[in-house]
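Working notes, structure below.
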Amino acid sequence: MAESGSEAGLYAISVVAHLVGTGQQNIRLYERRGLLTPDRTAGGTRQYSDADLAVLRRIGELLEEGLNLAGVAKVMELEAANARLRAELKRARSR
DNA sequence: CTTCTGACA
DNA sequence: TGTCAGTA
């Protein structure tokens, strides 16, 4: 019941900025640093999905743990690689 | 809404 | 280095 129909999971930058507790400029900086890749509308407006919002929350936590933006990017890169390997491992086991 | 520049902790 | 503020 959480989502109602059509525009579930799409947020403007002002909304996500408030949700993660940071400024809009910082979120744009994260994207420039390669930490984030939100979809863009034809007019150039960023549209953040629910997954993007989760990533932004993860960025905030990692930053509080003392990592810099480069470290955050590395962690998420490794996590993506880990998930990929885990999926391949699961595939190999079932075979 | 976007981008850029400048200043601060 | 990351964040915030003001501007075009």
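Residue numbering restarts at 1 for every chain, and letters A, B, ... go by the order of the sequence lines.
- Within the nucleic acid shown, R46(A) comes within 4.0 Å of sugar-phosphate atoms alone, with no base atom in reach, counting heavy atoms only.
- Salt-bridge check for R40(A) with E31(A): passed, with a basic side-chain N closer than 4.0 Å to an acidic carboxylate O.
- For the atom pair CG of N26(A) and CZ of R32(A), the computed distance is 13.5 Å after rounding to the nearest 0.5 Å.
- With T22(A) contributing its side chain and H18(A) its backbone, the two residues share no donor-acceptor pair below 3.5 Å.
- Using a 4.0 Å cutoff to heavy atoms of chain A, the contacted part of DNA chain B runs 5' to 3' from dC1(B) to dC4(B).
- Using a 4.0 Å heavy-atom criterion, one finds that T22(A) contacts the sugar-phosphate atoms exclusively.
- I13(A) contributes atom CD1, which lies 5.5 Å from atom CZ of R46(A) (distance to the nearest 0.5 angstrom).
- Taking OH of Y48(A) as the start and CG of L56(A) as the end, the distance is 6.5 Å to the nearest 0.5 Å.
- Spacing between atom NE2 of H18(A) and atom P of dC4(C) amounts to 14 Å, rounded to whole angstrom units.
- Per the geometry, CG belonging to L35(A) stands 15 Å off C1' belonging to dT3(C), to the nearest Å.
- Atom CG of residue L67(A) and atom CG of residue L63(A) lie 7.5 Å apart, to the nearest 0.5 angstrom.
- The only member of I59(A), V20(A), V72(A) that meets side chain to side chain contact (heavy atoms under 4.5 Å, CB included) when paired with Y30(A) is I59(A).
- Taking atom CZ of residue R32(A) and atom P of nucleotide dT1(C), one finds them 15 Å apart after rounding to whole Å.
- If you take CG on N68(A) and CZ on R33(A), they are separated by 8.5 Å, rounding to the nearest 0.5 Å.
- Here the side chain of Q25(A) is nearest to one of dG2(C), dG6(C), dT3(C), namely dG6(C).
- In terms of heavy-atom proximity, Q47(A) sits nearest to P38(A) at O-CB, 3.9 Å.
- Where DNA chain B pairs in unbroken runs of 3 or more (Watson-Crick or G-U, both distances under 3.5 Å), the stems are B:4-9 with C:1-6.
- One finds the CG atom of L62(A) at 9.0 Å from the CG atom of L35(A) (value rounded to the nearest 0.5 Å).
- Side-chain N/O atoms of Y30(A) include none lying less than 4.0 angstrom from OP1 or OP2 on dG2(C).
- Within the 4.5 Å cutoff, no side-chain heavy atoms of D39(A) are placed close to those of D52(A).
- Looking at residues 66-80 of chain A, you'll see that no heavy atom sits under 4.0 Å from any atom of DNA chain B.
- Going from atom CZ of R33(A) over to atom C1' of dT1(C) covers 8 Å, rounded to whole Å.
- Between R28(A) atom CZ and dT7(C) atom P there is a gap of 16 Å when expressed in whole angstrom units.
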